Amino acid sequence: MMTCAFFSVLIALGICDVRLREQKSLLFYMLTATVLYVGHYIFFNRVLSLIPISDTIYVTANLAVYPLYLIYIIRLTTRFLPHYWLLLLPAFIGGIITGILYTNMPSEEIDQFINTFLYKNNRTELIGIPYILAMTHIVCRIIFAIEVIFTVIIGIRYTRRYDRMVDSFYSDTEEKSSRKIRTILYLIIITASLSFIFNIIGRYRFIDSVWLLAVPSFIFSSLLFYIGYVGIHRYFSFQDLEFNEKELEEETLSGSILPQEENLKNNIIQRVKQERIYLQPNLKIEDLARLMNTNRTYIYQAINQQMGISFHEFINRQRIEHAERIMAENPGMPINDVALHSGYTSLSSFYRNLKKYQQKNSTC
């Protein structure tokens with residue numbers, strides 16, 4: 001709860017200064033997660049008088065939290081989708097049904113439901129509205145599990161598509177790719193599996209043991225901290241890429257005749273190697289287009305279609321070949337200098353590309 005509240009405040013304070021439209025979606029996610037864990041706080045501290053209200057809000061927030069994160073990913077990696085808010089429909093329906101059922105139960109039935117189902121996970125003694133409410137909770141748990149799977153699958157699909165586009169325009173993708181967000185999605189699989197296990201075990205089993213409760217608390221707090229940290233340090237999204245993509249579409253539709261493809265491909269390889277343009281940090285596809293005195297559409301088609309690789313891979317293969325030559329000729333050179341003299345501004349990016357393309361280069 002404190003982790004989510006902390007990042008909610010940070011995002012809210014910087015929302016006017018942050019260029020990304022997606023930060024508002026991240027703020028909604030963090031605020032919803034904060035409300036979700038307020039419900040946990042009330043439950044574990046046995047504030048029974050507030051449970052009818054908190055449980056209604058908890059059901060709504062629980063069904064909204066992963067769709068909200070998926071909405072954040074969608075807005076980060078693709079064009080505006082007008083109907084994505086429909087993802088929150090289960091949360092609203094679940095919350096409304098839960099609230100109506102609580103409203104129509106007398107206090108004795110509410111006490112019975114809380115003590116029998118919420119704190120003992122036992123529905124066999126329930127009848128009438130309390131039983132319906134218990135089944136509503138079970139259905140919501142199933143929907144929650146489906147939402148987690150849907151969020152991970154769709155999130156990975158969108159981030160991979162987005163990264164392919166980033167690779168087509170930029171040689172350096174360290175701060176532009178969605179790799180860290182995809183890592184979060186993989187972590188969500190782990191934490192959601194643990195959450196499912198904890199739900200089977202029952203929240204009530206953690207009430208009397210602070211040390212037992214500390215285990216899921218630490219796991220989920222760590223995930224939420226990483227989500228917040230990655231989110232507030234992100235400054236690049238699809239809206240930056242969209243400008244490049246639109247220009248590329250306009251160039252493609254302009255009716256220009258593509259130069260002889262094989263000649264262009266060979267000329268690109270020759271000029272890049274001769275002039276070592278790959279040593280320029282933050283090299284973009286338009287930089288190569290200016291060098292070749294042509295437009296980016298031709299460069300894009302020559303590299304992606306004729307060579308069968310992305311602009312990112314093409315440039316970084318040249319950089320790694322250059323780095324290998326430096327290391328062979330200067331075995332005592334510090335690795336930081338090798339990376340710097342090979343066009344890299346980040347050592348982590350150098351290591352990642354070295355691991356990825358060193359073996360490929362040796363087989364080419």
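Just so it is clear, the values below take in all heavy atoms, side chains as well, and ignore hydrogens, waters and symmetry mates. Position 1 is the first residue of the sequence; numbering continues from there. Bear in mind that the values here come from a model prediction, so they are computed numbers and not experimental data.
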Exercise: identify the closest heavy-atom pair between D172 and G343: OD1-O, 4.3 Å

To the nearest 0.5 angstrom, please state how far the CZ atom of R276 sits from the OG atom of S342. 10.0 Å

Can you find a pair of side-chain heavy atoms, one from R161 and one from T78, that are under 4.5 Å apart? yes

Partners meeting salt bridge (charged side-chain N to carboxylate O under 4.0 Å, His left out) with R290 (sequence neighbours left out): D287

CG-CZ distance between N316 and F311, expressed to the nearest 0.5 angstrom: 9.0 Å

Are there more than 12 heavy atoms of other residues, nucleotides or ligands under 6.0 Å from atom CE of M2? no

How far apart are the closest heavy atoms of V152 and L185, and which atoms are they? CG2-O, 3.8 Å

Any sub-3.5 Å donor-acceptor pair from S221's side-chain atoms to F218's backbone N or O? no

Counterpart residues, salt bridge (charged side-chain N to carboxylate O under 4.0 Å, His left out), relative to R164 (two or more places apart): none

Give the intermediate values and the outcome of side-chain contact (heavy atoms from CB on, under 4.5 Å) for residues L288 and L291. CA-CA 5 Å; L288 181 56; L291 175 69; 4.1 Å; yes

Does R352 qualify as a cation-pi partner of Y344, given the criterion of NZ or CZ under 6.0 Å from the six-membered ring centre and within 45 degrees of its axis? no

CA sep, side-chain torsions, deciding dist, call: R317, E313, salt bridge (Lys or Arg N to Asp or Glu O under 4.0 Å): CA-CA 6 Å; R317 278 189 178 187; E313 181 174 347; 2.8 Å; yes

Do E109 and L133 make a side-chain contact, defined as non-hydrogen atoms from C-beta onward lying under 4.5 Å apart? no

Correct closest heavy-atom pair for N122 and T124 would be OD1-OG1, 2.7 Å

Short question: side chain of T34, backbone of A5 - any donor-acceptor pair under 3.5 Å? yes

Tell me, please, which residues at least two apart from H322 pass ring pair (Phe, Tyr, Trp, His ring centres under 6.0 Å). Y278

For a quick test of reading the model, state the closest non-hydrogen atom pair linking M307 to I269 and the distance between them. CE-CG1, 3.6 Å

Quick check, are the ring centers of F43 and H40 under 6.0 angstrom apart? no

Begin from the C-alpha positions of Y235 and E175 and carry the test side-chain contact (heavy atoms from CB on, under 4.5 Å) through to its verdict. CA-CA 8 Å; Y235 301 99; E175 301 300 326; over 6 Å; no

Looking only at heavy atoms, what is the nearest atom pair of Y72 and E22, with distance? CD1-O, 3.4 Å

Heavy-atom check, side chain of F144 versus side chain of V59, under 4.5 Å: no

Taking atom OH as the centre, does Y186 end up with more than 12 heavy-atom neighbours from other residues, nucleotides or ligands that are less than 6.0 angstrom away? yes

When you compare the side chains of S178 and D163, does any donor N or O come within less than 3.5 Å of an acceptor on the partner? yes

Quick one: list whatever passes salt bridge (charged side-chain N to carboxylate O under 4.0 Å, His left out) with K180, sequence neighbours left out. none

Examine Y158 together with F238 and report whether their ring centres are nearer than 6.0 Å. no

With a 4.5 Å heavy-atom cut-off, do F314 and V272 have their side chains touching? yes

Please name all residues satisfying salt bridge (charged side-chain N to carboxylate O under 4.0 Å, His left out) with R179, sequence neighbours left out, ordered by chain then number. E174

Can you name the closest pair of heavy atoms from A61 and V35 and give their distance? CB-CG1, 4.4 Å

Do V166 and H312 come close enough that some side-chain heavy atom pair is under 4.5 Å? no

Could you walk me through whether F225 and F7 pass the ring-ring contact (aromatic ring centres under 6.0 Å, His included) check? CA-CA 8 Å; F225 185 90; F7 279 108; 5.2 Å; yes

Using side chain to side chain donor-acceptor pair (under 3.5 Å) as the criterion, list what pairs up with R271, not counting sequence neighbours. E275

Flag the pair I51 / L48 as yes when at least one side-chain heavy-atom distance between them is below 4.5 Å, and no otherwise. yes

Side chains of Y162 and I73: closer than 4.5 Å at any heavy-atom pair? no

Report the C-alpha distance between R234 and L76 in whole Å, list the side-chain angles of each, state the deciding distance to 0.1 Å, and finish with yes or no for side-chain contact (heavy atoms from CB on, under 4.5 Å). CA-CA 10 Å; R234 187 166 188 89; L76 194 71; 3.4 Å; yes

Distance, nearest 0.5 Å, that separates OH of Y357 from CD of Q318: 11.0 Å

For side-chain contact (heavy atoms from CB on, under 4.5 Å), just list the numbers for N62 and E147, CA-CA rounded to whole Å, side-chain angles, deciding distance to a tenth of an Å, and then say yes or no. CA-CA 10 Å; N62 196 43; E147 285 181 344; over 6 Å; no

Are there more than 12 heavy atoms of other residues, nucleotides or ligands under 6.0 Å from atom CZ of R157? no

Ionic contact status for K120 with E125, cut-off 4.0 Å: no

Is there a side-chain contact between T98 and Y58, using heavy atoms and a 4.5 Å cut-off? no

Determine whether H137 and F113 satisfy the following criterion, ring-ring contact (aromatic ring centres under 6.0 Å, His included), listing intermediate values before the conclusion. CA-CA 11 Å; H137 276 70; F113 173 78; 5.5 Å; yes

